[in-house]
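What you see below is based on every heavy atom in this structure, not just the backbone, and it leaves out hydrogens, waters and symmetry mates.
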Amino acid sequence: MSIEQIQQRVATGPADRAEQEKRLRHVCQEFESLFIAHLLKTMRECSTEEGLFGEGLGGDVYQSLFEAEVARKIAQTKGLGIADILYRNLVQQVRQQVPPVQKEPAPSQSVPGRISRYDAFIREACEQYSVPVHVVYAVIEQESAGNPHAVSAKKAKGLMQLMDHTARELGVRNVFDVRENIAAGVRYLRQMLDRFGGDLKRALAAYNAGPGAVERHNGVPPYAETQRFVERVLAAAEQYRSRLTTTNSSGTEVREDGV
């Protein structure tokens, strides 16, 4: 059994993260068991002494069964620690690819209300990358409606719907980690703003369709999905700009857009 085979067996299992982690633990123990059984067989073949069950075909069969059971017991009791090492190395992949089961937000909770739960992380990222807070609120609303475990039909993930290759390029370890997802999404948006000279419409189009498409069409690509996305984000951003405007102690309006 190879590492790739372990990953395939886990990937074809249940969609629930807890069940996949349980399945991974079991498969890692199987791997260690096979390793120990092979080790015992090699040791026996190198020995000139007769096995526990005598010589002949029957003796070999019983000896093999005995060694397999011994190997299984050793693996279950963390004998060599191989299963633990494998599990620790592979479980992060499971956690990145499968969102944990979460209760749906309360029906009474609005989308802005859900997004505002992550306000501190949004502001932190916006300050670091100089992106308007109200724009990021609008992007999250259109991308995931404030659901940190959202997975699109195209496998975009998390609050800001990062594709796997984009997440890897941005160094994201866990795409469902809210803070990491927001920071990477805002950073990518900053990159698009820089690439298109601060043109927000083109940057948003690139966020949705990719920068290559924007460059090929010299503007927002004629894709219905992308055009709808840009239009809705810009409209929502104006609403969030008003929502995020407060009045300070001297009566002056202060825009909390972090720019």
Side-chain angles (χ1 to χ4, degrees), residues 17 20 89-102 105 111-112 114-215 220-221 223 225-226 229-230 232-234 236-237 240-241 244 256-259:
R17 179 194 282 184
Q20 284 217 4
N89 279 281
L90 296 175
V91 73
Q92 291 302 325
Q93 294 182 21
V94 171
R95 290 172 181 167
Q96 289 179 22
Q97 295 168 1
V98 184
V101 175
Q102 295 283 332
V111 171
R114 291 203 291 270
I115 299 174
S116 67
R117 291 184 298 175
Y118 314 112
D119 185 76
F121 295 146
I122 293 171
R123 291 179 185 280
E124 178 184 66
C126 287
E127 182 176 355
Q128 182 175 358
Y129 297 109
S130 297
V131 174
V133 172
H134 61 274
V135 172
V136 175
Y137 262 76
V139 169
I140 292 176
E141 177 175 309
Q142 294 305 310
E143 290 284 18
S144 65
N147 178 3
H149 309 293
V151 179
S152 75
K154 295 180 180 177
K155 305 300 181 186
K157 297 167 183 169
L159 280 174
M160 297 196 71
Q161 291 287 275
L162 301 177
M163 298 297 289
D164 286 342
H165 61 87
T166 304
R168 280 195 298 274
E169 289 174 1
L170 295 169
V172 175
R173 291 172 299 177
N174 183 356
V175 76
F176 293 110
D177 180 276
V178 170
R179 190 176 187 177
E180 273 198 86
N181 189 287
I182 292 173
V186 175
R187 181 182 168 192
Y188 186 66
L189 189 54
R190 178 73 263 169
Q191 291 176 354
M192 296 303 102
L193 283 165
D194 291 342
R195 187 162 177 165
F196 295 102
D199 186 324
L200 182 57
K201 286 183 70 174
R202 294 191 182 202
L204 291 171
Y207 192 95
N208 178 265
V214 175
E215 288 167 350
V220 179
Y223 309 151
E225 176 192 324
T226 302
F229 174 81
V230 172
R232 289 179 177 177
V233 169
L234 290 176
Y240 280 111
R241 188 199 295 270
L244 298 171
E256 296 184 311
D257 56 13
V259 183

Looking only at non-hydrogen atoms, find the nearest pair between [X] and [Y] and report the distance.
X    : Y    : answer
L162 : G185 : CD2-CA, 3.9 Å
A167 : V175 : CB-CG2, 4.3 Å
P148 : V178 : CB-CG2, 3.7 Å
Y188 : A206 : OH-O, 4.1 Å
N208 : E225 : ND2-OE2, 3.4 Å
A237 : H134 : O-CD2, 3.4 Å

Are any of the side-chain nitrogens in R232 or E141 under 4.0 Å away from the carboxylate oxygens of its partner?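 Looking at E141 together with R232, the answer is no, because their closest N to O distance does not fall below 4.0 Å.
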D164/R168 salt bridge by N-O under 4.0 Å criterion: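 Salt bridge: no.
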Does [X] use its side chain to pair, donor to acceptor, with the backbone of [Y] at less than 3.5 Å?
X    : Y    : result
E180 : N174 : yes
R114 : A145 : yes
R123 : V133 : no
N181 : F176 : no
Q161 : A150 : yes

Spatial distance of atom [atom1] ([X]) from atom [atom2] ([Y]) [nearest 0.5 Å]:
X    : Y    : atom1 : atom2 : answer
R179 : Y118 : CZ    : OH    : 14.5 Å
Y129 : Q191 : OH    : CD    : 8.5 Å
K157 : H149 : NZ    : NE2   : 14.0 Å
Y240 : I115 : OH    : CD1   : 3.5 Å
L159 : I122 : CG    : CD1   : 7.5 Å
Y207 : F229 : OH    : CZ    : 7.0 Å

Decide yes or no on side-chain contact (heavy atoms from CB on, under 4.5 Å) for I182 and E124, but give the supporting numbers first. CA-CA 9 Å; I182 292 173; E124 178 184 66; over 6 Å; no
Taking C-beta and beyond as the side chain, do T226 and L204 meet within less than 4.5 Å on heavy atoms?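 In short, these two side chains do not touch, never coming nearer than 4.5 Å.
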Can M160 and V186 be said to form a side-chain contact (heavy atoms from CB on, under 4.5 Å), step by step? CA-CA 8 Å; M160 297 196 71; V186 175; 4.1 Å; yes
